[in-house]
Amino acid sequence: MARGELLEQIYTIVAQIPEGRVTTYGRIARMTDGATARAVGSAMGHLPSGHDLPWHRVINAGLKVTEHGGAVRQREKLRAEGVAFDAKGRVNPELLWP
DNA sequence: CACTTGACTATAA
DNA sequence: CTTATAGCCAAGT
């Protein structure tokens, strides 16, 4: 399995996340054939300009948005899709996409 | 090629 | 709750 295909799998999976739902880096990694959570995070951080992936629906294992440069914008997008956060900034586990 | 940096996670103390 | 360790990968320098 070529290395670049893992990224392709990651992009494909992220593109499948339904609106209003979320998933984690680790889950995506498990869905691919060999990628790791770190690889998924790296992929999200190196997304080429002009992409159409719902990157904002990918959160960390703690069901929270990882603090990074676009975290605020990410929360806004999720909020706009109807994703609610609790007092600790955590997302409802029921919104997890398999 | 080596080294660093960063949207990760599980485990232990 | 926090730190620390270890394992992990991609892209940039």
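We name chains A, B, ... by the order of the sequence lines, and we start the count at 1 in each one.
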N/O donor-acceptor pair under 3.5 Å between His46(A) side chain and Ser42(A) backbone: yes
Inset, instruction - Check for a donor-acceptor pair, side chain of Gln9(A) on one end and backbone N or O of Asp33(A) on the other, with a separation under 3.5 Å. - result: yes
Rounded to whole Å, CD of Gln9(A) lies from P of dC9(C) at a distance of 14 Å
Whole-Å distance, Ile28(A) CD1 to dA10(C) C1', equals 15 Å
Any chance you could lay out the side-chain contact (heavy atoms from CB on, under 4.5 Å) test for Tyr25(A) and Arg38(A), step after step, and finish with the verdict? CA-CA 8 Å; Tyr25(A) 301 99; Arg38(A) 191 78 183 193; over 6 Å; no
Modelled atom types, side-chain donor and acceptor of Glu76(A) and His56(A), under 3.5 Å:
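No - no donor-acceptor pair under 3.5 Å links their side chains.
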Mind listing the N/O atom pairs, protein and nucleotides 7-10 of chain B, below 3.5 Å?
unit_1 : atom_1 : unit_2   : atom_2 : d
dA7(B) : N6     : Met44(A) : O      : 3.4
dA7(B) : N3     : Tyr25(A) : OH     : 3.0
dC8(B) : N4     : Arg38(A) : NH1    : 2.8
dT9(B) : OP1    : Gly26(A) : N      : 3.4
dT9(B) : OP1    : Ala61(A) : N      : 2.9
dT9(B) : OP2    : Ala61(A) : N      : 2.8

Between the CG atom in Leu78(A) and the CD1 atom in Ile59(A), the distance rounded to the nearest 0.5 Å is 7.5 Å
CD1 (Ile28(A)) and CZ (Arg57(A)) are apart, to the nearest 0.5 Å, by 11.5 Å
> Considering only the C1' atoms, how many Å lie between dT5(B) and dC8(C), rounded to the nearest integer?
Replying inline: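 These two C1' atoms come out 14 Å apart once rounded.
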**OP:** Considering only atom C1', compute the distance from dG12(C) to dC1(B) and round it to an integer number of Å.
**Re:**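 To the nearest whole Å, 14 Å.
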Heavy atoms only: give me the nearest Pro48(A)-Tyr11(A) pair and the separation to one decimal.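 For Pro48(A) versus Tyr11(A), the nearest heavy atoms are CD-OH, 4.4 Å.
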Quick check on contacts: within residues 88-98 of chain A, what sits under 4.0 Å from DNA chain B by heavy-atom distance?
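Those residues whose heavy atoms fall under 4.0 Å from DNA chain B, taken from residues 88-98 of chain A, amount to none.
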Open item on the list: For a side-chain contact (heavy atoms from CB on, under 4.5 Å) check, start with the C-alpha distance between Val58(A) and Ile17(A), then their side-chain angles and the critical distance, and finish with the verdict.
Closed with: CA-CA 9 Å; Val58(A) 184; Ile17(A) 306 174; 4.0 Å; yes
